[in-house]
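Values below: all heavy atoms of this structure, side chains included; hydrogens, waters and symmetry mates excluded. Atoms within each ligand, like the ligands themselves, are counted from 1 in listed order.
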Amino acid sequence: MKILLIHSDFLEFEPKTKAIKSAEEWKRGLERVEECLVVFTAVEKSDEKNPQQAVENLIKEVKDVALQVNAEKIVLYPYAHLSKELASPDIALSILKGAEQKLKEEKYKVIRAPFGWYKAFTVKCKGHPLSELSREIGVEDVSEALKKEKEELKSEFFIFEPNGKHHKIHLKDNKVEGFDFSKHEKLQKFVNYELMKSRIVDIEPPHIKLMRKLELVDYEEGSDPGNFRW
Ligand code: A3G
């Protein structure tokens, strides 16, 4: 994704003609936004690999600049002309909508200029050193992220006795070694379950997409990676 950030006294835009069939509806004519950070955004093909991370990385950059220039209002402006390798309109729009929602959740005022139009616009750049910035935002392939996680995850298992004695156990030839389970049949079943079955996630489970699409569950940014917010 490539973005151009302009800290502005005002932005005026007016959708003129639809550039694509799936252009969003717009009935309001000319729109004027005072005191804002305008984020001209071209979503790129590479962002399709991991749209969720593209949203996260986009809002991180935007928040970073908004904080530095002390802007409370953000205009997300689809601007295809910053790249030659554009994402499909569907994905581009969903990433912009995702960023809009997340920034709103963080109490920014967000105006999203309509997607899929040729628009007339006037922008008054403030002209201070941080008022014109550009950023290139990359994403990591989902499968690469999972691969990394797989490489980093290494589990060790121990059985602790009430008296504090502990035994490191491990799997060898599909048998658990390191503890005598002869008097602990149920514990053995439990340990087998924990150790035999691969607990490493190697593909994204299919329900994740559905849960996010239906907005039932998403990742909680305030916690360690991977924890859910319901
Ligand atoms: C304009 N200034 O750019 N990223 C951003 N916008 C996109 C993309 C993309 N990958 N694909 C389509 N119009 N659009 C006018 C939108 C955007 O509003 C663009 C219009 O569709 C035609 O490409």
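- In this structure, Glu24 contributes its side chain and Phe115 its backbone to a donor-acceptor pair below 3.5 Å.
- Atoms of ligand 1 lying under 4.0 Å from any heavy atom of Tyr79, numbered from 1 in the order shown and given with element: 2 (N), 3 (O), 5 (C), 6 (N).
- Protein heavy atom in closest approach to atom 9 (C) of ligand 1: Ala92 CB, 3.6 Å.
- In this structure, Glu61 and Asn57 have side chains that are not in contact, with every pair of non-hydrogen atoms separated by 4.5 Å or more.
- Checked by distance only, ligand 1 and Ala87 come closer than 3.5 Å through their nitrogen or oxygen atoms.
- Residue Gly116 has at least one nitrogen or oxygen atom sitting less than 3.5 Å from a nitrogen or oxygen atom of ligand 1, judged on distance alone.
- The shortest N or O to N or O distance between His81 and ligand 1 is below 3.5 Å.
- Counting protein heavy atoms only, atom 13 (N) of ligand 1 is closest to Trp117 O, 3.2 Å.
- Using a 4.0 Å cut-off between charged nitrogen and carboxylate oxygen, Glu34 and Lys124 do not count as a salt-bridge pair.
- For atom 22 (C) of ligand 1, the nearest protein heavy atom (residue, atom name, distance) is Ala19 CB, 3.6 Å.
- Residue Ala80 touches ligand 1 through backbone and side chain together, judged by heavy-atom distances below 4.0 Å.
- In summary, the aromatic rings of Phe13 and Trp117 are positioned with their centroids too far apart to meet the 6.0 Å limit.
- Scanning the protein for heavy atoms near atom 11 (N) of ligand 1, the closest one is Phe115 CZ, 3.7 Å.
- Checked against a 3.5 angstrom limit, the closest N/O atoms of Tyr118 and ligand 1 fall outside it.
- Side chain to side chain, Asp90 and Ser88 fail the donor-acceptor criterion of an N or O pair below 3.5 Å.
- In this structure, Ser182 contributes its side chain and Asp180 its backbone to no donor-acceptor pair below 3.5 Å.
- Of all the heavy atoms of Pro78, the ones lying under 4.0 Å from any atom of ligand 1 are found in both the backbone and the side chain.
- Remark: the backbone N or O of Met1 is paired with a side-chain donor or acceptor of Asp47 at under 3.5 angstrom.
- Using a 4.0 Å cut-off between heavy atoms, Thr41 contacts ligand 1 through its backbone alone, with no side-chain atom that close.
- Nearest to atom 10 (N) of ligand 1 among the protein's heavy atoms is Val43 O, 2.8 Å.
- Taken together through direct or relayed side-chain contacts under 4.5 Å among Ile, Leu, Val, Met, Phe, Trp and Tyr, Leu214 and Trp230 form part of one hydrophobic cluster.
- Using a 4.5 Å heavy-atom threshold, the side chains of Pro78 and Lys119 count as touching.
- In summary, the atoms of ligand 1 found under 4.0 Å from a heavy atom of Leu86, numbered by their order in the structure, are 9 (C), 10 (N).
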